[in-house]
Asker: 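One structure follows; several queries about it will come next.
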Amino acid sequence: MPKSRSVLRGMSMNMAEGDTLISVDYEIFGKVQGVFFRKYTQAEGKKLGLVGWVQNTDQGTVQGQLQGPISEVRHMQEWLETRGSPKSHIDRANFRNEKVIVKLDYSDFQIVK
């Protein structure tokens with residue numbers, strides 16, 4: 001029985017909690033420019049129904065903002081930290097300024113030039 005209890009603990013998020021909208025800023029470090037990282041990030045964000053933006057920085061990183069239901073944002077955070085585009089190599093991902101929001105600030109997921 002302890003095994004099933006730990007599984008339940010991991011899945012304790014109720015539906016209302018999963019529907020809470022959050023916003024989080026991110027910056028991804030590693031080989032993330034020149035490898036279609038922004039394009040793949042936009043596609044993954046749209047697939048998950050998220051809104052926000054992504055752009056390259058002068059420091060060789062990729063930064064942006066995610067907004068949407070907490071469960072989908074968590075999924076995207078994991079993707080940004082571990083997957084990225086096929087030719088990228090992610091050293092680390094920083095997430096900051098996470099907050100609950102009442103409504104989305106964007107209508108789409110944009111690549112900012």
Side-chain angles (χ1 to χ4, degrees):
M1 282 301 206
K3 197 181 238 181
S4 64
R5 193 176 292 155
S6 67
V7 167
L8 288 175
R9 196 177 312 127
M11 300 174 76
S12 65
M13 185 170 66
N14 62 34
M15 281 308 285
E17 207 172 81
D19 292 338
T20 300
L21 294 177
I22 64 167
S23 175
V24 65
D25 298 338
Y26 62 90
E27 187 169 12
I28 314 302
F29 298 79
K31 185 181 178 196
V32 292
Q33 289 191 9
V35 291
F36 299 100
F37 197 93
R38 291 176 302 165
K39 182 180 176 185
Y40 277 84
T41 299
Q42 180 189 44
E44 188 68 16
K46 284 184 171 191
K47 188 172 91 177
L48 291 169
L50 300 176
V51 298
W53 55 273
V54 58
Q55 74 178 78
N56 286 339
T57 69
D58 294 339
Q59 293 74 41
T61 65
V62 168
Q63 69 178 6
Q65 188 176 67
L66 304 171
Q67 292 187 347
I70 192 167
S71 51
E72 276 74 20
V73 170
R74 292 289 177 253
H75 203 88
M76 186 69 184
Q77 285 178 295
E78 184 182 337
W79 185 91
L80 285 166
E81 212 163 6
T82 61
R83 299 248 333 255
S85 65
K87 293 190 171 162
S88 67
H89 177 85
I90 300 160
D91 291 335
R92 76 179 195 277
N94 287 356
F95 300 100
R96 62 189 188 287
N97 299 330
E98 182 174 305
K99 60 187 177 223
V100 172
I101 55 175
V102 178
K103 65 176 187 55
L104 302 172
D105 294 325
Y106 309 99
S107 58
D108 204 354
F109 203 105
Q110 296 289 324
I111 293 174
V112 179
K113 300 286 185 195

Asker: State whether the number of non-hydrogen atoms from other residues, nucleotides or ligands found under 6.0 Å of Glu98 atom CD is greater than 12.
Answerer: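 Yes, CD of Glu98 has more than 12 neighbouring heavy atoms, counting only those of other groups under 6.0 Å.
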Asker: Quick check on side chain to side chain contact (heavy atoms under 4.5 Å, CB included): which of Arg74, Glu72, Met76 does Leu66 satisfy it with?
Answerer: Met76
Asker: Ignoring hydrogens, what is the shortest heavy-atom contact between Tyr106 and Gly52? Give both atom names and the distance.
Answerer: CD1-CA, 3.7 Å
Asker: What I want to check is whether the side chains of Gln67 and Asp105 have a donor and an acceptor closer together than 3.5 Å.
Answerer: yes
Asker: Does Leu104 reach the side chain of Leu21, with side-chain heavy atoms less than 4.5 Å apart?
Answerer: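 Yes, their side chains come closer than 4.5 Å.
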Asker: Between Gln33 (side chain only) and Thr57 (backbone N and O only), is there a donor and an acceptor less than 3.5 Å apart?
Answerer: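 Answer holds: yes.
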Asker: Would you say the side chain of Tyr26 lies within less than 4.5 Å of the side chain of Val54, judging by non-hydrogen atoms?
Answerer: yes
Asker: Using side-chain heavy atoms (C-beta onward) and a distance below 4.5 Å, is Ile28 in contact with Thr61?
Answerer: no
Asker: Distance only, no hydrogens: is a donor on one side chain within 3.5 Å (strictly under) of an acceptor on the other, for Asp25 and Gln65?
Answerer: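 Yes, because at least one side-chain N or O of Asp25 sits under 3.5 Å from a partner of the opposite role on Gln65.
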Asker: Count I, L, V, M, F, W, Y as connected when their side-chain heavy atoms are under 4.5 Å apart, and connections chain through other members. Are Ile70 and Val51 then in the same cluster?
Answerer: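 As far as the 4.5 Å side-chain criterion goes, Val51 and Ile70 are not connected within one cluster.
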Asker: When you measure from the side chain of Ser88 to the backbone N and O of Lys31, does any donor-acceptor pair fall under 3.5 Å?
Answerer: no
Asker: Do Phe95 and Glu81 have side chains that approach each other closer than 4.5 Å (heavy atoms only, starting at C-beta)?
Answerer: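 Yes; the side chains approach each other to less than 4.5 Å.
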Asker: Please examine the side chains of Pro86 and Tyr40, heavy atoms only from C-beta on, and report whether any two atoms are closer than 4.5 Å.
Answerer: yes
